Amino acid sequence: MPNRSEFLTATGAAAAAPAAILDRGVKPVVIASSNGNRFKNGGTQTAVERAFVGITRGDDVLDALIAGVNIVELDPLDDSVGYGGLPNADGVVQLDASCMHGPKHRAGAVGALEGVRTPSLVAKAVMEQTDHVLLVGRGAQEFARDVGFTTEPDLNTAHSRALWLEWKRRTDPDHYLDPAKRALVGARAGESMIRDGLVDVAHYWGTINCDGINARGDLCGVTTTSGLAWKIPGRVGDSPIIGAGLYVDNEVGAAGSTGRGEANLYGVNSMFIVERMRAGRHPKDAAMDALRRVRSQTIERRLLNSRGNPRFGLQFYALDKRGRFAGVSLYRVGEGYALCDENGPRSVAFDHLLEGAPFD
Ligand code: GLY
């Protein structure tokens, strides 16, 4: 890993440092889910690094964050986001995304969007070019086409399609016929593929959330995902729901999530975390409060493992107005969350709430 001055010089952030890093005493920082610090095949910058460089050279914070997550959306090797994301039960890739601009107090989002590799940019277009906050399905795609996005018939890669076919093979033949059994059978087939090492648990509900602050203390955030693997077509998770998968208040902080969206939608926890920070909690304590709340609200048997704990993964990321931050997870995860500051991009271990694993 480069040292601080090597990183600042190599990225060009050094030139911006006097003005952009020291202004008002806030140190710019970008945090993201684990995939924010992975290299795209052949690429030279990770998402958090790209975002940090943009912020420190004076780009709009949201533009910088979106340029960062675009790297992951376009990466065919990341099957949790954008192009090559794991498809729905019909084999169709449907994408969700949201963005929030702290200083402008504006938000945009898309749900169940097909055919556009970078849904985060469509969410930003909804924010900037419409009087709405959330567009879904065919309307979202038609809007994207109208404002100039290229749409494609299929965002699967050979990898995402092969995994979908394996999931179909493992799914009970009445998967599509018995509404009472459908979700459970589909979920158990998904779990068996995680156990067999075909799908990383982080990619089953995989997503990227990315939040950043500049030297003026301006905060923005973006969350983008292909959602739950093999979901019922039309299912929208927490990522595009303002307050759930993302929330930014420029006076307080930003928070976002990855993991099982249904568990987060119930409590709109990104907003909850920001409100806890407003009340004075450190980002880590605020985010852990949200995890504890999710755990106590999870009472359905089908959602509990043999220890009586949630049978799913969920992570929160929180960043406050002072530039303090945290990444927390229900369970220990192998790869830390992504961070980039003046010392360069790196991974930082999550604080976790529960021992063991979701399917124990
Ligand atoms: N958190 C991503 C999803 O559940 O769709």
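Values below: every heavy atom of this structure, side chains too, minus hydrogens, waters and symmetry copies. Counting convention: from 1, in listed order, for ligands and their atoms alike. In this text the structure is predicted, and so the values were computed from the model without any measurement.
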Lys124/Asp63 salt bridge by N-O under 4.0 Å criterion: yes
Looking at Arg293, I'd like to know if its CZ atom is crowded, meaning that more than 12 non-hydrogen atoms belonging to other residues, nucleotides or ligands lie closer than 6.0 Å. yes
Counting both backbone and side chain atoms, is some N or O of Gly237 under 3.5 Å from an N or O of ligand 1? no
Between Arg235 and ligand 1, which part of the residue brings a heavy atom under 4.0 Å of the ligand: side chain, backbone, both or neither? side chain
Can you establish whether the number of heavy atoms outside Arg138 located under 6.0 Å from its atom CZ is more than 12? no
Report, in ascending order of atom number, the atoms of ligand 1 lying under 4.0 Å from any heavy atom of Thr207. 1 (N), 2 (C)
Taking distance alone, with N or O pairs closer than 3.5 Å, would you say Asp96 contacts ligand 1? no
Salt bridge or not between Asp75 and Arg38? Use side-chain N to carboxylate O under 4.0 Å. no
With atoms numbered from 1 as shown, which atoms in ligand 1 lie under 4.0 angstrom from a non-hydrogen atom of Ser239? 1 (N), 2 (C)
What do you reckon, is CZ of Arg332 surrounded by more than 12 foreign heavy atoms closer than 6.0 Å? no
Just jot down the ligand 1 atoms closer than 4.0 angstrom to any heavy atom of Gly259, in number order. 1 (N), 2 (C), 3 (C), 4 (O)
I'd like to know whether Arg117 forms a salt bridge (charged side-chain N to carboxylate O under 4.0 Å, His left out) with Glu152, so could you lay out the CA-CA distance, the side-chain angles of the two residues, the decisive distance to 0.1 Å, and finally the verdict. CA-CA 8 Å; Arg117 295 186 183 202; Glu152 302 172 57; 2.6 Å; yes
Only heavy atoms of Asp238, strictly under 4.0 Å: list the atoms of ligand 1 that pass. 1 (N), 2 (C), 3 (C), 4 (O)
Can you tell me how the ring of Tyr337 sits relative to the ring of Phe350, calling it parallel under 30°, perpendicular over 60° and tilted otherwise? tilted
Would you mind listing which atoms of ligand 1 come within a distance below 4.0 Å of any non-hydrogen atom of Gly227? 5 (O)
Under a 4.0 angstrom heavy-atom cut-off, which atoms of ligand 1 come close to Leu228? 5 (O)
